[in-house]
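Note sheet for the following structure.
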Amino acid sequence: MIQRAAPAYIRKLFGSSSPHLQVECRNYTAQVATSLRPGVYSDDEECPVVDWDKLGFGFMPTDYMYITKSCDVAGNFEQGQLNRYVNIQLSPSAGVLNYGQVLIIYRTVRTQKEGLFEGTKAYRQDNGGLSLFRPCENAIRMQIGAERMCMPYPSADQFVDAVKQTALANKRWIPPSGKGSLYIRPLLFGSGSILGLAPAAEYTFLVYACPVGNYFKEGTAPLNLYVDEDFHRASRGGAGGVKSITNYAPVLRAIRNARERGFSDVLYLDSVNKRYIEEVSSCNIFLVKGRVISTPIACGTILEGVTRKSIMDIAIDLGYQVEERLIEADELISADEVFCTGTAVGVAPVGSITYKGQRIEYKIKSELVCKKLYSTLVGIQKGHIEDKRDWIVDIE
């Protein structure tokens, strides 16, 4: 059984009686419990024609997606089913289009910039088995985001089951071990018609997937970050602590400006004092000084990444002192090492950070702390390091 209590700021926002404050999620090792229709997948399906060695982080259509709807007053979702991956139809008055009431939105729809999105991965282990990594954490994070956006949400069990079904139905698209993973994106959006400013009357929960490799074009090369003092990712009292697309669309200009100047991504400061680092556009950040690993405290403006939590636990197991605290940007100068974490990026070392016109260089050596942490994380995901916390969910 996996349980996790919500952080302090979520308790303050929603109260101690919120249903997501203590959510249970079964350790799935059995067969899929819901509606897998006959013929959806089989063991003898031929592999797709993909050059796994050149797999990047771009969209690639796979075979199936999971979909279900909720349109009753209680917000319950009907039993979902797998359908062929196709475009979806929406009313022009759908809640997602008019008021951004979406938890996860199609990344391929470029005109829609609002909402919340979730992401997890399926892996092919060294022994050939298929697994998910901590999907219940994603389910809980979706629930927290849904409450913030006044939306119903699937139970943790239904969420994990839907992710599992989607992974199994598209298993021929899961790259060989060491070549990448199957990125799984659940969607929850207000598909019902609405004109006045109010929650939609109908909601759709949808899950699709595609194979991916490295998120950054640099691959595994060190990142070069730029501290932007003009653009901010999130503000106090907003939705920065949940996985809202509204936290990402406003930084697209900052990312574009940085990449035009040769940087990998942007590191943002807090919007009030403009002195404390928060996170990179698509991932969390860590600083290493001796045996102490520090990361910005999640106080409503920083997303608590699943990889972030996992790396913190692994670091403690390896004997490091881990701190969540306010980190001033000036501390970047004295750090021994800096790295980023995220579902998409994994664990990525930082080679340099440019702040106030000064380029801070970090030595990239073979014994980097982040490489040790990432090696342990990947070892657990691949099955050749013991999973002592029940993080791995076997799906085949």
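Just so we're clear, the structure is a prediction, and the values are computed from it rather than from any experiment.
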Check whether [X] and [Y] end up in the same hydrophobic cluster, where Ile, Leu, Val, Met, Phe, Trp and Tyr are linked by side-chain heavy atoms less than 4.5 Å apart.
| X | Y | answer |
| --- | --- | --- |
| Tyr215 | Leu267 | yes |
| Val322 | Phe339 | yes |
| Val292 | Ile277 | no |
| Ile364 | Ile333 | no |
| Leu326 | Met312 | no |

Test Glu337 against Leu368 for side-chain contact (heavy atoms from CB on, under 4.5 Å), laying out the working first.
CA-CA 8 Å; Glu337 179 184 334; Leu368 284 175; 3.5 Å; yes
Can you classify the ring geometry of Phe77 versus Phe205 as parallel (below 30°), tilted (30 to 60°) or perpendicular (above 60°)?
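Rings of Phe77 and Phe205: perpendicular, over 60°.
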Aromatic plane relationship, Phe263 with Tyr226 - under 30° parallel, 30 to 60° tilted, over 60° perpendicular
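Tilted, since the angle between the ring planes falls between 30° and 60°.
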Donor-acceptor under 3.5 Å ([X] side chain, [Y] main chain):
| X | Y | result |
| --- | --- | --- |
| Asp228 | Val266 | no |
| Asp387 | Ile380 | no |
| Asn224 | Gly351 | no |
| Thr354 | Arg359 | no |
| Ser131 | Val393 | no |
| Lys243 | Met142 | no |

Side-chain heavy atoms of [X] within contact of [Y], under 4.5 Å:
| X | Y | result |
| --- | --- | --- |
| Ile395 | Leu132 | yes |
| Asp161 | Gln165 | yes |
| Asp53 | Lys179 | yes |
| Leu225 | Ile285 | yes |
| Ile314 | Leu377 | yes |

Six-ring centre of Phe231, Arg253 cation under 6.0 angstrom, axis tolerance 45°:
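No; the conditions do not both hold, so Arg253 does not lie above the ring face of Phe231.
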ring-ring contact (aromatic ring centres under 6.0 Å, His included) against Tyr320, all qualifying residues, sequence neighbours excluded
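So Tyr320 forms no ring-ring contact (aromatic ring centres under 6.0 Å, His included) with any residue.
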Within a radius of less than 6.0 Å around NZ of Lys289, do more than 12 heavy atoms belonging to other residues, nucleotides or ligands occur?
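Check passes, neighbour count above 12.
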Verify the neighbour count for atom CZ of Arg236: are there more than 12 heavy atoms of other residues, nucleotides or ligands below 6.0 Å?
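No, not enclosed.
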Is any side-chain N of the basic residue among [X] and [Y] closer than 4.0 Å to the acidic one's carboxylate O?
| X | Y | answer |
| --- | --- | --- |
| Glu304 | Arg141 | no |
| Glu278 | Arg233 | no |
| Glu328 | Arg275 | yes |
| Lys356 | Glu229 | yes |
| Arg172 | Asp63 | yes |
| Glu331 | Arg325 | yes |

Compute whether any side-chain donor of one residue and acceptor of the other, for Gln89 and Asn87, lie under 3.5 angstrom apart.
no
Side chains of Tyr123 and Ser177: any donor to acceptor distance under 3.5 Å?
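No, because no side-chain N or O of Ser177 sits under 3.5 Å from a partner of the opposite role on Tyr123.
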Are the aromatic ring centres of Tyr153 and Phe159 under 6.0 angstrom apart?
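Tyr153 vs Phe159: aromatic centres not under 6.0 Å.
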In sequence, state the C-alpha distance, the side-chain angles, and the governing distance for Tyr362 and Ile353, and then conclude on side-chain contact (heavy atoms from CB on, under 4.5 Å).
CA-CA 8 Å; Tyr362 301 100; Ile353 298 179; 3.8 Å; yes
Trace of the side-chain contact (heavy atoms from CB on, under 4.5 Å) decision for Thr62 with Met60
CA-CA 6 Å; Thr62 50; Met60 184 183 300; 5.8 Å; no
Run the numbers on Leu223 and Asp265 for side-chain contact (heavy atoms from CB on, under 4.5 Å), then give the verdict.
CA-CA 8 Å; Leu223 306 179; Asp265 211 328; over 6 Å; no
